[in-house]
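These notes are about the structure you will find just below.
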Amino acid sequence: MTRLSRGTRPMFTSKMAAECQRVDRSSHSMDKSITLPADEIFRNLENAKRFAIDIGGSLTKLAYYSTVQHKVAKVRSFDHTAKETEGEPLYEISMQEEVTARLHFIKFENAYIETCLDFIKDHLVNTETKVIKATGGGAHKFKDLIEKKLKLRVDKEDEMTCLIKGCNFVLRNIPHEAFVYVKHADSEFRFQNTHPDIFPYLLINIGSGVSIVKVESEDKFERVGGSSIGGGTFWGLGALLTKTKRFDELLQLASKGQHTSVDMLVKDIYGGSYGSLGLTGDLIASSFGKSATADNEFSKEDMAKSLLHMISNDIGQLACLYARLHNLTRVYFGGFFIRGHPVTMHTITYSINFFTKGEVQALFLRHEGYLGTIGAFLKGAEEDNPNQYSWGENYAGSSGLMSVSPDLNPMQRTRSGTFPFDMLEMDRLERQLVNLPLLQDPSSYIPDTVDLSEDALAREYWLYCFEEALDGVVKRAVASQPDLPEAAERAEKFRHKYRHKLQTLRQQPFAYGSLTVRSLLDTREHCLNEFNFPDPYSKIKQRENDIALKYFQKAIKSLEELSWEQRQFALVRGLLAGNVFDWGAKAVSDVLESDPEFGFEQAKRQLEERPWLVDAYDQWLERLKGPPHKCALFFVDNSGIDIILGVFPFIRELLCRGTEVVLASNSSPALNDVTNSELQILTQRIAAMDLVIQSAVKEDRLTLVQSGSSSPCLDLSRLDKELAGVVRERHTDLVVIEGMGRAIHTNYYAMLSCESLKMAVIKNSWLADRLGGKLFSVVFKYEVPPSHKTTTQDHVPGTPS
Amino acid sequence: SFIYCTFPWFGMDIGGTLVKLVYFEPKDITAEEEQEEVENLKSIRRYLTSNVAYGKTGVRDVHLELRNLSMCGRTGNLHFIRFPTQAMHRFIQMGSDKNFSSLHTTLCATGGGAYKFENDFRTMADLELLKLDELDCLIHGLLYVDSVSFNGQPECYFFENPSDTQNSVKTPCSLADPFPMLLVNIGSGVSILAVYSKDHYKRVTGTSLGGGTFLGLCCLLTGCETFEEALDMASRGDSSNVDKLVKDIYGGDYERFGLQGSAVASSFGHMMSKEKRDSISKEDLARAMLVTITNNIGSIARMCAVNEKIERVVFVGNFLRINTVSTKLLAYAMDFWSKGQLKALFLEHEGYFGAVGALLELLKSPEEA
């Protein structure tokens with residue numbers, strides 16, 4: 001049909017051609033009455049540019065780039081050269097518009113192409129864009145329509161090149177992109193850590209046929225093999241055998257069938273297993289082997305199942321042969337045969353396990369359906385060099401795995417009258433993210449302590465906890481913008497969106513990769529930003545910083561009166577007590593809201609007495625009696641009392657010992673965590689009243705860096721590149737991680753190649769219970785890597801010992 | 001000086017679809033011997049050698065008969081007989097009716113059926129089977145037949161000019177110095193062995209997409225009933241009406257990856273479209289099925305050869321019987337995808353080596369063993 005229309009087109013007048021198209025499209029059963037949910041899909045079209053489209057056999061994937069304006073909270077120091085004025089805040093907070101870049105990817109059924117193109121045409125403002133990059137088998141079919149509607153020139157890109165480019169992009173930028181599928185496990189999806197080096201890998205793309213591609217670097221890939229037995233064979237043969245037309249219906253049939261009535265098994269030939277070769281009786285000896293001899297009828301379900309096994313096993317076998325030949329262990333599967341279908345993911349996984357005896361794992365990708373369009377987009381955006389940036393998945397704007405995916409049961413969804421679509425949004429991160437150079441083994445590092453997708457009990461609790469906390473968050477968000485009357489309305493939208501996310505995660509904990517406390521917190525931050533609440537805690541932080549600064553000198557003075565040994569303990573206790581002040585933890589925010597006079601001294605009294613729940617203080621003290629550290633990297637937590645009365649006295653002591661200090665703080669706001677810009681002001685203020693800090697700043701022995709993060713937790717594999725540079729230059733030999741989010745929810749088990757301190761007060765009774773402690777229990781973990789002897793170490797990094 | 005095994009001499013290979021039987025007919029029987037010979041034995045010999053068909057489904061492949069063969073000190077003809085495994089119970093019943101057990105011979109059997117039907121032989125016909133490993137038998141039988149030659153002609157052949165399947169020529173050759181070889185046995189399913197010497201081999205892999213799949217799917221798709229029928233239809237069909245070729249997708253070659261336009265991109269890919277399904281002929285479907293299965297076996301065999309670093313690939317098994325479409329296609333595939341590195345070899349007695357191997361096991365006298 002395709003061939004015919006292409007061959008005969010020159011004879012048509014344009015009107016006839018248009019008519020021909022209409023006939024063509026009507027076969028896609030388009031529903032013209034459908035209206036698109038304007039505030040949900042194709043967002044920010046008015047700032048969109050650089051379009052790309054990937055049209056497959058049934059689904060269209062559209063990509064564009066937009067600039068997003070959103071509010072950010074900026075702090076600016078007042079001029080304090082004059083005498084300090086009583087009652088005036090220490091810095092001003094202003095809301096400013098900031099422009100950032102975002103990538104939008106939308107997936108919908110081909111039947112809606114015209115509706116979508118019309119929508120885009122009506123909302124597109126930018127006229128600089130002249131070209132749309134296109135890929136996919138269906139691209140030429142819709143070329144004229146796209147050019148006519150959007151007035152953009154369709155520029156075709158090679159399918160495989162786009163696929164590989166897209167694959168590299170998601171593997172590099174999206175944590176938990178790849179997963180192993182385990183059908184009968186509690187959590188079917190086992191997400192993989194982002195490996196620091198994504199190459200080399202094998203991509204098995206199962207479209208109508210199979211392509212096997214070896215990818216060695218960003219620009220180097222090769223189609224090493226393939227097979228004609230693929231998704232088209234399943235579909236074509238399946239349609240002939242069962243008279244079932246649709247691919248997904250065939251899969252449904254297959255999932256209900258029994259292949260043993262159609263296939264000849266080893267036990268059908270041997271009567272049992274073939275022991276000497278280790279072939280079990282249930283193994284298929286000959287696919288469809290029974291249909292040659294028996295006269296009986298076979299059910300559609302059984303034939304579909306047998307066919308599915310035959311094709312999956314065959315592809316799995318070839319994949320293994322190619323993986324072995326090229327000595328590759330990372331094998332990703334994609335293409336419409338796989339795309340989110342549990343049935344085929346299972347049969348392929350089974351086949352790979354069988355043929356490699358578990359040596360190779362079949363890996364699947366969360367955003368597999370978007371690879372082509374991402375790649376086509378990147379081809380078109382090469383002049384912007386998108387690969388020089390790091391990008392992050394925006395949880396607020398992305399649908400998540402299997403949420404409303406149009407891949408599954410499209411018929412059903414179409415009938416329900418809603419417009420089924422799936423979205424992925426990625427934000428450009430202002431900083432490039434890299435591994436902390438001090439990770440012992442970057443490839444095995446997992447930031448999160450508990451994987452909630454696997455721990456049902458913990459999941460239940462934390463989802464409940466976040467839902468419970470939602471009222472407070474909404475209230476605080478509204479309160480943070482008293483001058484903006486529509487804040488309440490926006491806050492309600494935020495509430496709706498985040499609650500919906502929580503509900504989705506309850507049903508599909510795997511939607512955004514492994515579910516963790518970190519991902520729940522990050523999703524909340526993304527949703528808050530989405531509705532222009534960039535920093536609900538700005539005022540609270542400001543007030544707390546103000547109060548704490550007033551006590552700073554007094555605190556230092558009382559510390560200096562202590563003996564050396566008493567002081568070391570007081571410093572640690574101070575740090576811990578400071579950490580009790582955390583608006584992120586519900587128990588604490590309750591106390592703080594009801595009793596604003598709750599003070600530092602009171603906090604100290606709340607602390608657990610030694611021995612603590614995890615108590616390595618004695619070892620730490622011993623260490624302090626030894627030579628000073630060269631440089632300490634300190635990941636700070638909250639503003640106010642925590643940073644000013646806890647962290648600063650502690651690092652002041654380190655500085656006095658001759659240790660250089662690097663303070664790493666968040667690049668943008670999360671909860672009441674101190675941000676880099678706030679910390680700069682605080683440091684100035686403290687330097688103005690303390691000579692030790694002052695000279696340290698002046699002599700560059702105290703440095704402030706951004707972590708690159710805007711999360712209350714900490715992923716040591718995604719840190720600001722500049723931070724990594726500083727850490728290396730200064731030969732950092734001590735890492736201090738403070739607070740529940742950074743040292744308990746994440747990094748509790750992180751193994752570093754230098755000494756580390758992980759300190760936190762458990763401010764959540766459930767978690768305290770889990771860890772065998774109680775509310776306000778103390779974790780003080782001091783770790784020395786096994787290779788290190790603390791006495792004589794003259795380490796040059798990278799030199800083999 | 002020989003300790004003769006008692007006649008009759010049989011070797012049997014009971015596969016998933018077919019039973020292969022070889023029978024040694026002694027031609028050097030002396031007059032005294034003939035007198036002593038029990039009537040039973042004579043009648044078996046007469047029945048087997050005077051017929052070419054047995055019952056509805058048994059067939060003697062006369063053209064494969066090995067004449068004037070010297071085995072174990074005797075001279076005679078080796079006969080090759082096959083019948084469907086489905087008829088196994090009738091066969092055992094016949095053994096019982098003819099009182100086969102009174103002959104006190106050992107029945108050497110290999111293939112899965114040796115295990116599956118062992119108990120039936122015992123209870124129905126009072127016969128004990130000597131069960132033998134099918135891969136051992138396959139290799140021993142193959143090497144034996146090659147060594148005795150096919151009535152003076154080579155047992156082995158290849159295709160001259162394999163890249164042109166229309167004009168490639170079957171050419172006899174010798175399998176002298178056969179090791180290492182990749183042995184691809186295509187029965188109902190497929191086994192692939194790397195053979196390094198007579199007794200040193202390993203099963204590399206196998207696939208369930210074999211002769212049984214071809215016939216099974218052909219039966220379902222076309223309503224045919226026999227392998228011969230399916231092959232006959234396939235010989236008249238055109239698979240390009242069923243398969244989606246590279247040129248159907250890209251308009252020509254996919255140059256970026258060096259794929260020819262005529263290469264199959266998706267087997268049965270055209271059948272995704274209803275119009276094409278409605279207009280397709282049975283012959284085209286049978287041809288596509290044959291090409292799909294054959295190419296897939298070729299592809300797996302080639303990968304195994306490369307992984308095992310073996311350049312000679314020997315294809316055997318009854319799937320190749322009267323099946324020049326597949327043999328030529330395999331020869332082409334080995335040559336084309338390896339750029340001439342790999343050579344496909346075939347053997348005249350395709351599916352009978354297991355049965356020959358079983359017979360050889362019978363003739364191993366206790367001293368020899």
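Just so it is clear: chains get the letters A, B, ... in the order the sequence lines come, proteins before strands, and each one is counted from 1.
When heavy atoms are compared at a cutoff of 4.5 Å, A/Y322 approaches chain B by way of both its backbone and its side chain. Residue B/L135 touches chain A through both its backbone and its side chain, counting heavy-atom pairs closer than 4.5 Å. Both the backbone and the side chain of A/A239 come within contact range of chain B, with heavy atoms under 4.5 Å apart. Looking at B/E134, the atoms closer than 4.5 Å to chain A (heavy atoms on both sides) sit in the backbone and in the side chain alike. The parts of A/L321 that come within reach of chain B are both its backbone and its side chain, each placing non-hydrogen atoms under 4.5 angstrom from that chain. Residue A/L283: no heavy atom, backbone or side chain, is found under 4.5 Å from chain B. Heavy-atom distances place the side chain of A/L318, and not its backbone, under 4.5 Å from chain B. Contacts between B/Y254 and chain A at a heavy-atom distance below 4.5 Å involve the side chain alone, from C-beta outward.
A/S227 pairs by the side-chain hydrogen bond (donor to acceptor under 3.5 Å, both in side chains) definition with nothing, not counting sequence neighbours. Contacts of B/K274 classified as salt bridge (Lys or Arg N to Asp or Glu O under 4.0 Å), with partners at least two apart in sequence or in another chain: B/D278.
Smallest separation of non-hydrogen atoms from B/S188 and A/S286: O-OG, 2.9 Å. When all heavy atoms of A/A292 and B/G212 are compared, the pair lying nearest together is CB-O, 4.4 Å.
Taking chain B as the reference chain and counting heavy-atom pairs below 4.5 Å, the highest number among A/E159, A/Q317, A/M264, A/E222 is found for A/Q317.
Evaluation of the side chain to side chain donor-acceptor pair (under 3.5 Å) test over residues 273-282 of chain A, restricted to residues two or more places apart or in two chains, returns A/K267-A/D282, A/Y274-B/D133, A/S276-B/D133.
Of residues 302-315 of chain A, those residues with a non-hydrogen atom less than 4.5 Å from any non-hydrogen atom of chain B are, in numerical order, A/M303, A/M310, A/D314.
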